[in-house]
Structures are given as C-alpha cells and as structure tokens.
A.B. asks: 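Following this message is one structure expressed as structure tokens.
Fair warning: this is a prediction, and the values are worked out from it, not measured in the lab.
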Amino acid sequence: MTKTALICGISGQDGAYLSHLLLDKGYRVVGTSRDARMSRFSNLRKLDLARSVECYSMSPTDFRSVLYTVDKVQPDEIYNFSGQSSLGVSFQMPVETLESHTLSIMNLLEVVRFLKRPARLFNAASGECYGGIRGGALDETDPFHPRSPYAVAKAAAFWQVSTYREAYKLYACSGILFNHESHLRGLNFVTRKITDGVARIHLGGQQQLTLGNIHARRDWGHAEDYVKAMWLMLQQPQPEDYIIASGSTETVRSFTEKAFAAIGLRLCWQGSGVKETGIDQHGVTRVSIDPKYFRLVEVEVLHGNPAKAERELGWRRQHTLASITAEMVAADINALQQQ
Ligand code: GDD
C-alpha cells in the first residue's frame with residue numbers, strides 16, 4: 001500500500017531532498033508551507049519535483065491549521081522542519097524563534113495524540129543544543145547546553161518529543177542534526193554564502209568576500225545523506241533519538257580555502273583578528289573580516305559522533321566535504337551563468 005508522508009516546512013533544502021528520496025521509494029508526498037499559493041518552492045523546482053509533491057498551506061503554530069491538515073492528509077509519517085532556522089537571526093527574533101519551534105512541535109504531537117493516528121513523527125533537532133562547551137565528538141549521552149535563542153528553542157522541542165514518546169507511547173523521535181549543506185542551502189548560511197561569493201568572483205561580478213568568525217569549526221555533511229538517516233529513523237521497531245553528523249570538523253577558513261581552490265585560486269592568510277585577510281596567488285585580497293557577522297555568543301566548535309546511527313540504522317554518508325564544496329561551487333557558477 002502507498003505510504004503518505006507529510007513534510008512540514010518543505011521549502012528548505014531538507015524538504016526538497018527528503019521529497020526526492022520518498023518519491024523514489026513510492027510515497028505520496030505532501031508538503032506544507034505557510035502560504036502554498038505564494039510560495040515559489042524553488043528548491044522543489046531545482047530538483048524537478050514541484051509537480052510530484054502536493055503542497056498545502058499550513059501554519060504550524062496554529063493548532064486548528066495543523067489539526068485540519070493532518071486529518072485531511074492522513075499521513076503515515078510526519079517530518080517536522082518548521083521554524084526559524086538561522087542561529088544569527090535568532091538573536092534578532094528571539095520570540096518568533098522560540099514560538100516557531102516549540103508551538104509547531106507541540107501542535108504536531110498533540111494532533112497525533114488527539115487523532116489517535118498511528119503516524120510516526122520525525123523532529124529536526126540541532127547539534128547547536130550542545131552549545132559546544134566540551135571538546136571532542138559529542139554523542140547522545142552528552143548534556144545539552146544551549147547558548148542561543150535558536151538552540152534553546154530546539155532543545156525545548158527535543159524535550160517535548162521525548163516527553164510525549166515516554167508519556168503517551170507515541171512513535172516520535174528527534175534527529176540531532178549537525179550542519180548539513182548543499183547547493184539548495186540558503187545564502188544566509190556560511191557555506192552557501194562562500195560558494196556563491198566564489199562563483200561571483202570566478203565570473204568577474206565580485207572582487208572579494210566578507211566573513212565573520214572564520215576560526216569556528218563545524219561538522220559539515222550533505223543534506224542528501226542526512227534525509228536518508230531521517231527516513232531510517234522512522235523505519236525502526238522503536239523510536240529513538242540519533243545524532244546525525246559527519247564525525248569530523250573543519251574551520252570556516254578551511255572551507256573557504258577549498259571553495260577558492262575549486263576556481264583555481266590559492267589563498268594565503270595574513271594578519272589576525274578583524275585584520276585577517278585571505279590573499280590569492282596573484283596578490284589580490286579575496287577575503288576580509290567584518291565584525292558585523294560575529295555572533296553575540298559564538299559556538300566555536302561543534303563536532304558530532306554518528307556512531308549510534310551507523311551502528312543501529314546502518315547509516316553511511318556518501319559525500320565528503322571536498323565533494324560537497326566542489327558541487328556547491330559548480331552549481332553556483334552554473335546558476336549565475338543561467339541568469
Ligand atoms: N551565517 C554566517 N555568515 N556565518 C558565518 C559567517 C558569515 O558571514 N562568517 C563566519 N560564520 C560562522 C558562524 O559564526 C558559525 O560559527 C559558522 O560560520 C556556521 O554558521 P552558519 O552556516 O550560519 O550555521 P550554524 O552553525 O550557525 O547553524 C547551522 O547548523 C545547525 C546545526 O549545527 C544551521 O543549519 C542550523 O539551522 C542548524 O541547526
């Protein structure tokens with residue numbers, strides 16, 4: 001029998017890659033966004049999926065709207081990507097960030113419980129919940145120490161899922177997702193900002209990039225790999241939470257070097273702090289620092305240990321950071337050439 005998946009917040013990169021995976025597996029895929037008639041669903045279009053996915057308008061923070069949608073769609077699996085996803089922005093919009101994450105998951109949990117549907121629920125939690133306060137690779141036994149309005153909201157949503165699982169025996173679980181990227185990533189995230197900037201430099205439309213803390217280390221993977229883990233999590237006999245991460249880290253500076261190398265420019269670094277610059281082999285300054293991109297509170301290192309997901313889900317990554325960078329730079333060059 002055809003299974004139905006409801007993807008709440010389908011417009012982002014995860015919604016698009018998950019739709020692709022589930023359609024391939026023969027699912028009926030229904031996606032929601034706040035205003036489906038106005039949304040361009042550009043990521044679904046980029047993967048040529050816009051006609052294969054049914055799109056509904058749903059406000060995840062409005063209980064009636066969630067109840068109506070879940071009752072109408074009758075999903076077997078629900079994937080929750082709702083909520084304001086930028087950490088930097090969460091300091092400017094703390095209330096919107098908290099509400100968008102906590103109300104959306106509460107509404108979904110309550111609706112699943114209320115309708116007594118046997119729907120399985122996946123919630124996208126974040127590696128940011130750990131706050132980066134201890135070095136080394138973090139695993140599922142490490143305590144959360146959220147250090148931004150975004151991370152506080154994600155941690156609250158995580159605990160709601162865990163509470164409902166325990167109290168009401170719902171099949172509900174969270175993937176504690178570390179950074180995952182692709183050419184569908186928004187320009188407000190550092191990897192895509194870098195690859196888009198590098199593509200513009202390559203095509204002569206821009207001279208240099210301006211970044212914030214280039215010494216931050218992140219554990220980067222590819223969104224296409226991470227949605228496979230989400231699906232696997234909903235196919236297990238028992239619901240459990242899993243870290244989804246690559247298991248290794250790189251600095252923003254090193255990612256920048258890789259992106260420039262993809263267009264044949266070798267960066268060397270001069271100066272330090274806000275005076276640090278990246279200069280190419282021709283002596284042209286390509287990277288400079290602007291403190292306006294610094295975070296009010298920075299998580300310097302985020303490093304996840306995916307051993308539990310590898311062991312219990314049989315999850316394996318296909319992409320390396322080198323392949324992700326090359327794919328993103330090439331896609332950005334291609335997109336700019338089409339404009
Ligand atoms: N956005 C941005 N822009 N970040 C910059 C810049 C810049 O110009 N310069 C340096 N950075 C640094 C940030 O300070 C941060 O340390 C790092 O680059 C990564 O920033 P983002 O790409 O914005 O991602 P994030 O790590 O804050 O959050 C992402 O990963 C989380 C999981 O670990 C997002 O995808 C979250 O939604 C996700 O939960």
Side-chain angles (χ1 to χ4, degrees), residues 11-14 16-17 40 42-43 45-47 85-92 178-224 246 249-295 298-300 302 319-339:
S11 309
Q13 64 169 3
D14 292 2
Y17 277 111
R40 292 176 56 239
S42 53
N43 283 332
R45 280 179 207 293
K46 283 182 193 156
L47 297 188
S85 65
S86 163
L87 219 127
V89 168
S90 79
F91 285 99
Q92 270 93 54
F178 284 66
N179 300 50
H180 47 292
E181 317 295 314
S182 75
H183 70 286
L184 304 183
R185 194 59 150 145
L187 289 165
N188 50 333
F189 297 98
V190 77
T191 54
R192 182 75 202 295
K193 175 176 170 181
I194 292 167
T195 60
D196 173 76
V198 164
R200 287 174 194 277
I201 289 167
H202 181 64
L203 298 174
Q206 186 174 318
Q207 268 285 106
Q208 64 165 268
L209 261 174
T210 311
L211 295 170
N213 177 12
I214 57 173
H215 296 283
R217 298 190 82 89
R218 286 293 180 273
D219 179 325
W220 278 300
H222 196 295
E224 190 177 34
S246 78
T249 65
E250 290 273 4
T251 60
V252 172
R253 194 171 90 159
S254 156
F255 183 90
T256 310
E257 287 167 10
K258 286 186 172 55
F260 274 96
I263 58 164
L265 294 180
R266 281 193 317 280
L267 291 187
C268 70
W269 301 92
Q270 290 184 1
S272 62
V274 293
K275 296 220 164 60
E276 188 163 8
T277 51
I279 298 170
D280 72 18
Q281 70 265 36
H282 310 295
V284 181
T285 300
R286 295 300 185 184
V287 182
S288 59
I289 305 301
D290 188 331
K292 82 175 177 203
Y293 296 115
F294 290 166
R295 301 257 161 96
E298 177 66 288
V299 171
E300 290 292 341
L302 265 188
H319 298 264
T320 62
L321 188 56
S323 69
I324 297 167
T325 318
E327 173 208 297
M328 289 175 72
V329 171
D332 276 321
I333 291 173
N334 191 35
L336 289 169
Q337 283 171 331
Q338 311 284 311
Q339 283 177 5

A.B. asks: Between atom CD of Gln338 and atom CG of Leu336, what is the distance when rounded to the nearest 0.5 Å?
C.D. replies: 10.0 Å
A.B. asks: Between the side chain of His222 and the main-chain N/O of Glu224, is any donor-acceptor distance below 3.5 Å?
C.D. replies: yes
A.B. asks: Nearest 0.5 angstrom please: Leu211 CG to Asp290 CG, how far?
C.D. replies: 10.0 Å
A.B. asks: Would you find a donor on one side and an acceptor on the other, under 3.5 Å apart, between the side chain of Asp280 and the backbone of Arg266?
C.D. replies: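 Flag not set: sc Asp280 to bb Arg266 has no pair under 3.5 Å.
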A.B. asks: With a 4.5 Å cut-off on side-chain heavy atoms, are Thr249 and Leu302 touching?
C.D. replies: no
A.B. asks: Hey, are the side chains of Arg192 and His183 touching, using non-hydrogen atoms and a 4.5 Å cut-off?
C.D. replies: no
A.B. asks: Taking all atoms of both residues into account, what is the closest heavy-atom pair of Arg218 and Arg295, and its distance?
C.D. replies: NH2-NH1, 4.5 Å
A.B. asks: If you measure from SG on Cys268 to CD on Glu257, what distance do you get to the nearest 0.5 Å?
C.D. replies: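 If I round to the nearest 0.5 Å, the distance is 9.5 Å.
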A.B. asks: Shortest non-hydrogen contact from Leu209 to Gly197?
C.D. replies: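 Heavy-atom minimum between the residues: CD2-CA, 4.2 Å.
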A.B. asks: Sub-3.5 Å donor-acceptor pair from the side chain of Gln281 to the main-chain atoms of Gly264, do we have one?
C.D. replies: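 Yes; judged by distance alone, with no hydrogens or angles, the pair exists.
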A.B. asks: Which heavy atom of Asn43 sits nearest to which heavy atom of Ser11, and what is that distance?
C.D. replies: ND2-O, 2.9 Å
A.B. asks: Can you see which heavy atom on Thr210 is nearest to which on Tyr293, and at what distance?
C.D. replies: O-CE1, 3.6 Å
A.B. asks: So, the side chain of Glu298 versus the backbone of Glu300: is there a donor-acceptor pair under 3.5 Å, distance only?
C.D. replies: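 Such a contact is absent between Glu298 side chain and Glu300 backbone.
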A.B. asks: Could you grab the distance from atom CD1 of Ile201 to atom CD of Gln206, nearest 0.5 Å is fine?
C.D. replies: 5.5 Å
A.B. asks: Within 45° of the axis and under 6.0 Å from the centre of the six-membered ring of Phe189, does NZ or CZ of Arg185 qualify?
C.D. replies: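 Cation-pi check for Arg185 and Phe189: passes.
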A.B. asks: Report yes if some heavy atom in the side chain of Phe260 is under 4.5 Å from a heavy atom in the side chain of Val287; otherwise report no.
C.D. replies: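 Yes, side chains in contact.
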A.B. asks: Using a 3.5 Å cut-off and no angle test, enumerate the donor-acceptor pairs between side-chain atoms of residues 270-279 and protein atoms at least two apart in sequence or in another chain.
C.D. replies:
| from | atom 1 | to | atom 2 | distance (Å) |
| --- | --- | --- | --- | --- |
| Glu276 | OE1 | His215 | NE2 | 2.8 |
| Glu276 | OE2 | Arg253 | NH1 | 2.6 |

A.B. asks: Answer whether the closest heavy-atom distance between the side chains of Thr320 and Ile324 falls below 4.5 Å.
C.D. replies: no
A.B. asks: Would Thr195 and Ile333 count as a side-chain contact (heavy atoms from CB on, under 4.5 Å) here? Give the steps.
C.D. replies: CA-CA 9 Å; Thr195 60; Ile333 291 173; over 6 Å; no
A.B. asks: State, with a plain yes or no, whether a side-chain heavy atom of Asn179 is found less than 4.5 Å away from one of Glu181.
C.D. replies: yes
A.B. asks: Looking at every heavy atom in both Gln13 and Ser182, which two are closest together, and how far apart are they?
C.D. replies: OE1-OG, 2.8 Å
A.B. asks: Just so I know, are the side chains of Leu267 and Arg286 near enough to count as touching, which here means a heavy-atom distance under 4.5 Å?
C.D. replies: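 Side-chain contact under 4.5 Å: yes.
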A.B. asks: Counting distance only, does the side-chain N/O of Thr325 pair as donor-acceptor with the main-chain N or O of Leu321 below 3.5 Å?
C.D. replies: yes
A.B. asks: Report yes or no: do Thr285 and Gln208 form a side-chain donor-acceptor pair below 3.5 Å?
C.D. replies: no
A.B. asks: Please tell me if the side chains of His180 and Trp220 come closer than 4.5 Å, counting only heavy atoms from C-beta onward.
C.D. replies: no
A.B. asks: Is a side-chain donor-acceptor pair under 3.5 Å present for Asp219 with Ser246?
C.D. replies: yes
A.B. asks: Ile194 and Phe255: which non-hydrogen atoms are nearest, and at how many Å?
C.D. replies: CD1-CD2, 3.8 Å
A.B. asks: Drop me the distance from Leu184's CG to Leu47's CG, to the nearest 0.5 angstrom.
C.D. replies: 5.0 Å
A.B. asks: Is there a side-chain contact between Ser323 and Glu327 (heavy atoms, below 4.5 Å)?
C.D. replies: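 No, side chains not in contact.
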A.B. asks: Do the side chains of Arg200 and Asp332 get close enough for a salt bridge, i.e. N-O under 4.0 angstrom?
C.D. replies: no
A.B. asks: Can you measure from OG (Ser85) to CG (Asn188) and round to the nearest 0.5 angstrom?
C.D. replies: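 Taking OG in Ser85 and CG in Asn188, the distance rounds to 6.5 Å.
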A.B. asks: Any sub-3.5 Å donor-acceptor pair from Arg217's side-chain atoms to Val252's backbone N or O?
C.D. replies: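 Judged by distance alone, no pair lies under 3.5 Å.
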